[in-house]
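Let me begin by presenting the structure, written as structure tokens, before commenting on it.
Just so you know, ligand 1 is whichever comes first in the structure, and atom 1 is the first atom listed for that ligand. Every heavy atom of this structure was used, including side-chain atoms; hydrogens, water molecules and symmetry mates were not. Owing to the predicted nature of the structure, the values given are computational and were not obtained by experimental measurement.
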Amino acid sequence: MERSLTDPASLVRRLRLPDDAHASVAAASERFALKLPEHLAQALEGRGADDPLVRQFLPSADELVEREGFVSDPVGDHAVLRAPGLLHKYRGRALVVATAACPVHCRYCFRREYPYAEASAANHWPEVLDALAGDPSIVEVILSGGDPLSLPNRTLARMVTSLEALPHLTRLRVHTRFPTTSPARVDDELCALLAQTRFAPVVVVLHVNHARELDPDVAAAVRRLRATGATLLSQSVLLRGVNDDADTLAALSERLGALGVVPYYLHLLDRVRGAGHFEVPETESVALVQQLTARLPGYLVPRLVREVAGEPAKTLIPLTPRVG
Ligand SMILES: *Cc1c(COP(=O)(O)O)cnc(C)c1O
Ligand code: SF4
């Protein structure tokens, strides 16, 4: 895997942040480790702590503030574990927390408190396969994480081959942050795997929050993914100080559209402990998406959703007041 920064002092030096940034970076990293891949380090150098990309990845003192309602498992993952790393929440779809590892540590991540060590599917694959084999109601497997592309290609290939052997599975989806943070990971071997599986076209959902993340190297990685025939969707999180205005969101959608990626979900922040400073209130979020709706074609407007524990799907936030 590509080199990444994990040490607060090197990060402060590398991004050319003021020396006094070190204490808060170090303190926040104790709670949720710092990780920034080389590709992003280059993009963020000299940008300053308020830059919308830097804000997503720079450990900050705000993370140490306890806020009412921000908890360690905001989306009820523990209740829906079917096997280690296998979450079955929604009809027909099962989500595999393939591995604990991510290319980057996003500071707003709802899994920042997740007990990955016990619950990563790659370490318990026979149990995961057994659970999937025993439930023919599941037709789609979502490889998620962590980030499934943290696994070596040969491990992914073995997983996909064993999934292909379960006749009731018809769809395969991959949720990943790699293309936008470490684009070199989209290599020929991975693309061949995506192109050749019986599940093709695989659905690949890219995690991206700001148009500037889609730089030329990332665009090239997205083109390689498109060439596999994959259906490309994106998901973003609405984040204070990152993408909380209509121009920024519209630019993101336009850029995605230009690369052949359909904006799928815009998530309201999951209320995980340590991420409260990123929250954009629901009424403001609705107003932003209304503005997007007024200026973009419908297919470039993502669905505004919230994850509510116990609900049968992501909860769609209505853009018009409900009647009655
Ligand atoms: C979000 C999510 C899915 C996928 O939901 P879609 O609406 O199909 O994109 C599946 N399982 C879990 C546990 C999820 O959190
Ligand atoms: S890549 Fe996804 S799972 Fe990993 S830290 Fe970022 S938001 Fe969390």
* For ligand 2, does Arg177 get within less than 4.0 Å through its side chain, its backbone, both, or neither, judged by non-hydrogen atoms? -> side chain
* Is there a side-chain contact between Val97 and Leu95 (heavy atoms, below 4.5 Å)? -> yes
* Do Glu63 and Arg273 meet the salt-bridge criterion of a basic N to acidic O distance under 4.0 Å? -> no
* Are any of the side-chain heavy atoms of Tyr265 and Ser234 separated by less than 4.5 Å? -> no
* **Backbone or side-chain N/O/S of Cys102 under 2.8 Å of atom 4 (Fe) of ligand 2** => yes
* Is it true that Asp147 lies under 4.0 Å from ligand 2, counting heavy atoms only? -> no
* Asked: Has Cys106 got an N/O/S atom less than 2.8 Å from atom 6 (Fe) of ligand 2?
  -> yes
* Under-4.0 Å heavy-atom contact with ligand 2, by part of His207 that carries it -> side chain
* To do: Measure from the ring center of His105 to the ring center of Phe32 and say whether it is less than 6.0 Å.
  => yes
* To do: Run through ligand 1 for me and note each protein residue having a heavy atom under 4.0 Å from it, chain first, then residue number.
  => Lys89, Tyr90, Arg93, Leu95, Ile142, Arg173, Tyr264, Tyr265, Glu307, Lys314
* Consider only side-chain heavy atoms of I, L, V, M, F, W and Y, link residues closer than 4.5 Å, and tell whether Val203 and Tyr90 are in one cluster. => no
* **For Cys109, the ligand 2 atoms whose distance to one of its heavy atoms is below 4.0 Å** => 3 (S), 5 (S), 7 (S), 8 (Fe)
* Structure fact -> Separation between CZ (Arg13) and NE2 (His22), nearest 0.5 Å, reads 9.0 Å
* Structure fact -> Grouping ILVMFWY residues whenever side-chain heavy atoms fall under 4.5 Å, the cluster of Phe70 otherwise contains Tyr108, Val237, Leu239, Val242, Leu269, Phe278
* Asked: Are Arg14 and Glu38 close enough for a salt bridge, meaning some N to O gap below 4.0 Å?
  -> yes
* Asked: Hey, is Arg111 one of the residues with a heavy atom under 4.0 angstrom from ligand 2?
  -> no
* Passes salt bridge (Lys or Arg N to Asp or Glu O under 4.0 Å), Glu307 versus Arg271? Steps please. -> CA-CA 10 Å; Glu307 175 120 20; Arg271 307 191 88 196; over 6 Å; no
